[in-house]
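As a basis for the values below, the full set of heavy atoms in this structure was taken, side chains included, without hydrogen atoms, waters or symmetry mates.
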Amino acid sequence: MTRKIARFLAASLLAGVALPAFAQTTVAPPVAVEVAPLAPAAAAPADPGAPSAAAPSSIAEAPGVIVDPLADAIASALTAAEGTARGFVEKRRAAAVDSFYDERAYRPVWVDEAGLTTRARAAMDRLGEATADGLDPAAFAVPPAPQGFDARDLAAFDLALSHAVVAFAEEASGGRLVPNTINSKFITRKPERADPIAALRTVSGATDAAAALDGFNPPHEGFRRLKEKLAEVRARPDEPPPAPIPAGPSLKPGMVDPRVPLLRTRLELPEPAGMGAEVYDEAMVEAVRAFQKGAGLLDDGIVGPRTLAVLNGADRDEEGQILANMEMWRWMPRELGTEHVLVNIPEFMVRVVRHGEEVHKARVVVGTQTNQTPVFSDEMEYLVVNPYWHVPESIRMKEMLPEIQADPGGFFRRNGYEAVWNGQVIDPTRVLWDENAIKYVGIRQPPSEANALGRIKFMFPNQHAVYLHDTPSRKLFQRDWRAYSHGCVRVDDPMEFARAILEDERDIDVDRLTALFGGPETRVDLTQHIKVHIAYFTAWVDADGVLQMRDDLYGHAAKVKAALEDLAAATN
């Protein structure tokens, strides 16, 4: 039954009925109430012999009717607001709030005859602290608490606080941004946003409303550490940045260079006695190595361009980076899995977690800025030993076609490739290689030590057709910058990685996998699937409480930061 019909019937029933004292001080009769659904129009006629039902002697005796002036004011406000919501998000939230109040017969949530409830005040205080969560409190603004007991003011406040709770629950759990607006091709996460009606039920029924609201934030340790670091960064006094160390030749052990004293000051090392102030001595080398290790750089003790850039605070907007990465944590699945694989693209690292503990980590090579490694989550289902490399069409078209056209036979012979048509290997010299042929004639590299995928690949079938795999190109793992693949993730020490993956498997282990090397392509199914998260975090806090920051390889963090700033400007 619509709210208008309910108010009409209620007004008819209430004619001549005295209102409670509180109702008389807040609104004038007639009072709108909620009525049970009407009987179907085609109901069977009553039995003439049956006794007639007596009309209710008072409103309290009318089945399904609720007398509550605040409920009437809330129903009126919701009716007046119908159709005013703009945009998909606003309409979704408005519909949820409407349904929530409908299921509770429009009774208020946050106010009563005495005014604001204790739960309402706790919720308001917590929403006002949203900046600590990396959110914008202006997005959850609630009008000042009403003075007095005007039903319309109380109803407006009650609805406003419910809308604010819904907005906070959705943004705290799923973020302020839609991930694919940052990059629709390479970011395909779909955040798990809190259900708005369930969120209202949770907070309105909680003993501790503030704790209930806090529970919508990501439960991950990585998010919690960033939140703590955000508070620390904001509490620091403003200080001018240190003087930059000038560019110049790479500093190596034993060199004498006028920049060494600046470097010594930056690393908080004491000045040496005698004439050695400009000598890049062993103490300096060890200090630089420690810095490099903490910054995720190759810890060779050489101050080259990359190390110098990090020392000079390249892109050290700590607050902006923290906020962007807190937002990206909200896009992650709330349950990573007690067993999972986590690849952090900007860090060029992969980790295996078993029973909630990290059991393995290794360097990885990820996609170039053009051929990006996508950001998503899936589930590892099987391994492939001695894999064929089926060359993607994009590589065939953009990188191989000119060489093939110049010398088809020589190209395939030099690289050990096979041309495949309809599942059969064919003679590449008998193909007229053009842009049409390259689309339909497959090119693959048979299993071998030189195969681009190495000896093993780790499969989690996904829309991007990417996976983790071995590689014969071992030297790339020694570089700081490891963005050289076409999108897949190359793993250093793949058999140790496999050992961690196979920990809970009964019928297969690393020794059995190794015994398969040199044979045909073999698929090995996992009885225990393991979640895989390809993540993108440019800032995180390590176990020692140190904020780690890495280059924004694909520019995702910069776009998130800019989008959040735009939202804040629009809200404020």
[Y] and [X], any side-chain heavy atoms less than 4.5 Å apart:
{"X": "V532", "Y": "F376", "value": "no"}
{"X": "F348", "Y": "V366", "value": "yes"}
{"X": "L161", "Y": "M124", "value": "yes"}
{"X": "L342", "Y": "V353", "value": "no"}
{"X": "H464", "Y": "T373", "value": "no"}
{"X": "P179", "Y": "T188", "value": "no"}
{"X": "L177", "Y": "L567", "value": "yes"}

Does [X] use its side chain to pair, donor to acceptor, with the backbone of [Y] at less than 3.5 Å?
{"X": "E381", "Y": "M459", "value": "no"}
{"X": "R121", "Y": "D125", "value": "no"}
{"X": "H533", "Y": "L336", "value": "yes"}
{"X": "Y106", "Y": "L70", "value": "no"}
{"X": "R330", "Y": "A172", "value": "yes"}
{"X": "R354", "Y": "I501", "value": "yes"}
{"X": "S173", "Y": "A194", "value": "yes"}
{"X": "R86", "Y": "G83", "value": "yes"}
{"X": "D551", "Y": "L553", "value": "no"}
{"X": "N325", "Y": "Q321", "value": "yes"}

NZ/NE/NH1/NH2 to OD/OE distance under 4.0 Å, [X] and [Y]:
{"X": "E170", "Y": "R176", "answer": "no"}
{"X": "R363", "Y": "D493", "answer": "no"}
{"X": "K561", "Y": "D317", "answer": "yes"}
{"X": "E503", "Y": "R499", "answer": "no"}
{"X": "E347", "Y": "R351", "answer": "yes"}
{"X": "K229", "Y": "E232", "answer": "yes"}

**OP:** Take Y382 and H529 through the side chain to side chain contact (heavy atoms under 4.5 Å, CB included) test and state the conclusion after the steps.
**Re:** CA-CA 8 Å; Y382 62 95; H529 293 180; over 6 Å; no
Any chance you could measure [X], atom [atom1], to [Y], atom [atom2], to the nearest 0.5 Å?
{"X": "L200", "Y": "R104", "atom1": "CG", "atom2": "CZ", "answer": "9.5 Å"}
{"X": "F168", "Y": "L213", "atom1": "CZ", "atom2": "CG", "answer": "5.5 Å"}
{"X": "S162", "Y": "D98", "atom1": "OG", "atom2": "CG", "answer": "11.5 Å"}
{"X": "F223", "Y": "E327", "atom1": "CZ", "atom2": "CD", "answer": "9.5 Å"}
{"X": "I345", "Y": "I534", "atom1": "CD1", "atom2": "CD1", "answer": "6.5 Å"}
{"X": "D102", "Y": "I74", "atom1": "CG", "atom2": "CD1", "answer": "12.0 Å"}

Indicate every side-chain donor-acceptor pair of residues 126-143 with a distance under 3.5 Å to a residue at least two apart or in another chain.
residue, atom, partner, partner atom, Å
R126, NH1, D133, OD2, 2.9
R126, NH2, D133, OD1, 2.9
R126, NH2, D133, OD2, 3.0
R126, NH2, D214, OD1, 2.9
T131, OG1, R234, NH1, 3.2
D133, OD1, N217, ND2, 2.9
D133, OD1, K227, NZ, 2.8
D136, OD1, A138, N, 3.1
D136, OD2, N572, ND2, 3.1

Answer with yes or no whether the side chains of [Y] and [X] bring together a donor and an acceptor at under 3.5 Å.
{"X": "E339", "Y": "H355", "answer": "yes"}
{"X": "Y101", "Y": "D158", "answer": "yes"}
{"X": "R506", "Y": "T527", "answer": "no"}

Subject >> side chain to side chain contact (heavy atoms under 4.5 Å, CB included) evaluation trace for L383 with L502 >> reply: CA-CA 10 Å; L383 318 180; L502 298 173; 4.1 Å; yes
Original post:
Only one of W331, F537, Y536 clears ring-ring contact (aromatic ring centres under 6.0 Å, His included) with H556; which?
Top reply: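 With H556 as partner, W331, F537, Y536 yield a single ring-ring contact (aromatic ring centres under 6.0 Å, His included), made by Y536.
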**OP:** Taking the six-membered ring for Trp and the full ring for Phe, Tyr or His, determine whether the centres of F497 and F458 are under 6.0 Å apart.
**Re:**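 When the ring centroids of F497 and F458 are compared, they turn out to be within the sub-6.0 Å range.
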**OP:** Start with the C-alpha distance between L230 and M326, add both sets of side-chain angles, then the distance that settles side chain to side chain contact (heavy atoms under 4.5 Å, CB included), and finish with yes or no.
**Re:** CA-CA 10 Å; L230 177 65; M326 289 175 74; 3.9 Å; yes
**OP:** For the pair K361 and V352, evaluate side chain to side chain contact (heavy atoms under 4.5 Å, CB included) and give the outcome as yes or no after the intermediate values.
**Re:** CA-CA 6 Å; K361 68 177 181 180; V352 180; over 6 Å; no
